[in-house]
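Read the numbers this way: they start at 1 and go in the same order the structure lists the ligands and their atoms. Because only heavy atoms are used, hydrogens play no part in the values below, and waters and symmetry mates are left out as well, while side chains stay in.
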Amino acid sequence: MTEANPNSTPSLQMHIDSDGIALLTFNRPEAHNALDLVTMHAFANAVEQLYMHLEDLRAVIVTGAGDRAFCSGADLDEMRYRNTEADAREMSAVMGDALLRLERLPVPVIAAINGFALGGGSEVALACDLRFADERVKMGFVHMNMAVTPSWGAGQRLQRLVGYAQALQIFLESQTMRAQDLAQLHLVNAVTERHKALDYAMHYARQIAAKPADTVRGMKAMLQIGLQQSYEEALTFERELFTALWASPAHDKAVEAFFSKSFDKQNERRNGQPSQDLYNGPDDADSAPDDE
Ligand SMILES: CCC(=O)SCCNC(=O)CCNC(=O)[C@H](O)C(C)(C)COP(=O)(O)OP(=O)(O)OC[C@H]1O[C@@H](n2cnc3c(N)ncnc32)[C@H](O)[C@@H]1OP(=O)(O)O
């Protein structure tokens with residue numbers, strides 16, 4: 001069941017369900033989910049709230065309300081009157097810090113990109129760990145069209161994702177990209193059918209939530225540490241992480257499950273009958289993975 005979170009605001013909805021999946025929704029569909037300062041602060045507060053629920057949190061999804069836009073970036077209506085250096089610093093600090101905090105959450109963060117993701121909207125998508133995009137998506141680092149550079153972190157994140165030359169080309173050309181282009185650049189992890197980005201993200205998040213929580217967090221931490229620390233430090237972290245997980249009850253349980261299945265399979269072969277509690281359908285280790 002999904003509970004309305006008291007920290008929701010009209011322009012930024014937040015829900016955390018009983019599986020520990022948080023959903024943050026930009027809710028200004030009449031402006032293609034553009035972010036005015038109130039919504040930026042609400043988003044930053046919502047991310048901080050997630051840190052208050054870390055124990056039960058399994059995954060986070062960010063999306064936009066309606067079926068046309070994920071987020072069309074900063075609210076140009078408001079920003080045209082907030083054009084001083086002080087205004088720029090404020091907006092960059094609120095969103096830059098909020099996106100760094102979002103990225104640093106210990107659980108996977110997924111962008112369900114259900115439509116336009118432009119300017120600041122594309123920066124939000126990039127701060128997520130995984131991106132699932134509706135087949136009609138249009139995403140663009142279109143800052144050049146407004147004669148500015150990114151400031152919410154996309155400069156560094158895009159370069160890390162696609163490399164220096166490709167990132168520079170994308171920023172210089174300032175084009176909106178379609179789903180297939182984004183997939184080719186590995187900027188999205190999957191392209192979904194029309195109107196299905198959020199369903200896909202939810203289904204994916206539930207699959208993550210069903211896996212051993214510490215191992216899921218470990219996978220993210222292992223990769224993040226490599227982006228933040230030296231190669232040698234990251235290798236040491238990787239080894240220590242493995243050591244802790246190897247000695248954990250979850251690992252013992254997984255190994256025991258493997259052997260009890262093998263044992264049951266042997267019995268099955270001997271008796272010519274599948275044992276009742278052995279056969280787990282598609283989750284069986286021999287079946288093709290549907291979630292990878
Ligand atoms: C951090 C730096 C930044 O983010 S700079 C901002 C970067 N963003 C942009 O340049 C996107 C600006 N928007 C657009 O180009 C178009 O609205 C797009 C998204 C392509 C959609 O076009 P179209 O389908 O024709 O709809 P439309 O333009 O009529 O928009 C519908 C209503 O939404 C509004 N809207 C849209 N984007 C914004 C925005 N970023 N800030 C404020 N309002 C926005 C439009 O003004 C329009 O409102 P209204 O219905 O005329 O009242």
Side-chain angles (χ1 to χ4, degrees), residues 9-13 24-44 46-47 62-103 111-128 131 133-161 167-182 187-188 194-195 197-198:
T9 69
S11 61
L12 193 284
Q13 307 274 299
L24 303 188
T25 308
F26 299 119
N27 189 36
R28 300 187 68 217
E30 71 287 355
H32 286 317
N33 299 318
L35 304 185
D36 56 10
L37 214 52
V38 166
T39 310
M40 292 182 199
H41 279 287
F43 177 72
V47 173
V62 182
T63 195
D67 60 1
R68 295 214 55 214
F70 172 74
C71 170
S72 62
D75 186 314
L76 295 169
D77 250 357
E78 182 181 72
M79 296 304 155
R80 71 206 287 204
Y81 303 112
R82 299 184 59 93
N83 57 358
T84 66
E85 287 193 7
D87 293 327
R89 278 188 214 292
E90 182 181 0
M91 175 171 67
S92 307
V94 174
M95 283 308 289
D97 291 352
L99 291 180
L100 187 60
R101 292 283 282 165
L102 182 76
E103 184 179 48
I113 314 175
N114 52 315
F116 291 113
L118 298 175
S122 63
E123 300 204 54
V124 173
L126 228 56
C128 299
R131 283 164 289 282
D134 183 292
E135 63 185 10
R136 302 157 313 133
V137 85
K138 287 189 183 163
M139 180 161 154
F141 299 88
V142 296
H143 304 70
M144 177 73 87
N145 298 344
M146 298 291 157
V148 292
T149 49
S151 72
W152 302 356
Q156 310 321 309
R157 293 191 180 105
L158 188 63
Q159 169 162 223
R160 284 169 175 208
L161 281 168
L168 184 58
Q169 185 180 349
I170 289 171
F171 287 132
L172 290 177
E173 291 178 0
S174 207
Q175 302 286 330
T176 55
M177 294 174 276
R178 290 177 182 274
Q180 291 314 323
D181 306 323
L182 295 164
L187 278 177
V188 295
R194 198 170 268 243
H195 308 313
L198 181 56

One pair per line, please: each N/O atom of ligand 1 matched with every protein N/O atom under 3.5 Å away, atom names first, then the distance to 0.1 Å.
| from | atom 1 | to | atom 2 | distance (Å) |
| --- | --- | --- | --- | --- |
| ligand 1 | 4 (O) | Ala74 | N | 2.9 |
| ligand 1 | 4 (O) | Gly120 | N | 2.8 |
| ligand 1 | 8 (N) | Ser72 | O | 2.9 |
| ligand 1 | 24 (O) | Arg68 | NH1 | 3.3 |
| ligand 1 | 24 (O) | Arg68 | NH2 | 3.1 |
| ligand 1 | 26 (O) | His32 | NE2 | 3.2 |
| ligand 1 | 33 (O) | Glu30 | O | 3.4 |
| ligand 1 | 37 (N) | Ser72 | OG | 3.2 |
| ligand 1 | 40 (N) | Ser72 | O | 3.1 |
| ligand 1 | 40 (N) | Ser72 | OG | 3.4 |
| ligand 1 | 40 (N) | Ala74 | O | 3.1 |
| ligand 1 | 41 (N) | Leu76 | N | 2.9 |

*Got a sec, which residues hit side-chain contact (heavy atoms from CB on, under 4.5 Å) with Ser72, two or more places apart in sequence or on another chain?*
His32, Ala34

_Value rounded to 0.5 Å, distance of NE2 in His195 from CG in Asp134_ = 7.0 Å

*Non-neighbouring partners of Glu78 that pass side chain to side chain donor-acceptor pair (under 3.5 Å), sequence neighbours left out*: none

*Report, as yes or no, whether the 6.0 Å neighbourhood of atom CD on Glu85 holds more than 12 heavy atoms from other residues, nucleotides or ligands.*
no

*What orientation do Phe26 and Phe43 show, parallel under 30°, tilted 30 to 60°, or perpendicular over 60°?*
tilted

*asked:* Which residues pass the ring-ring contact (aromatic ring centres under 6.0 Å, His included) test with Phe70, not counting sequence neighbours?
replied: none

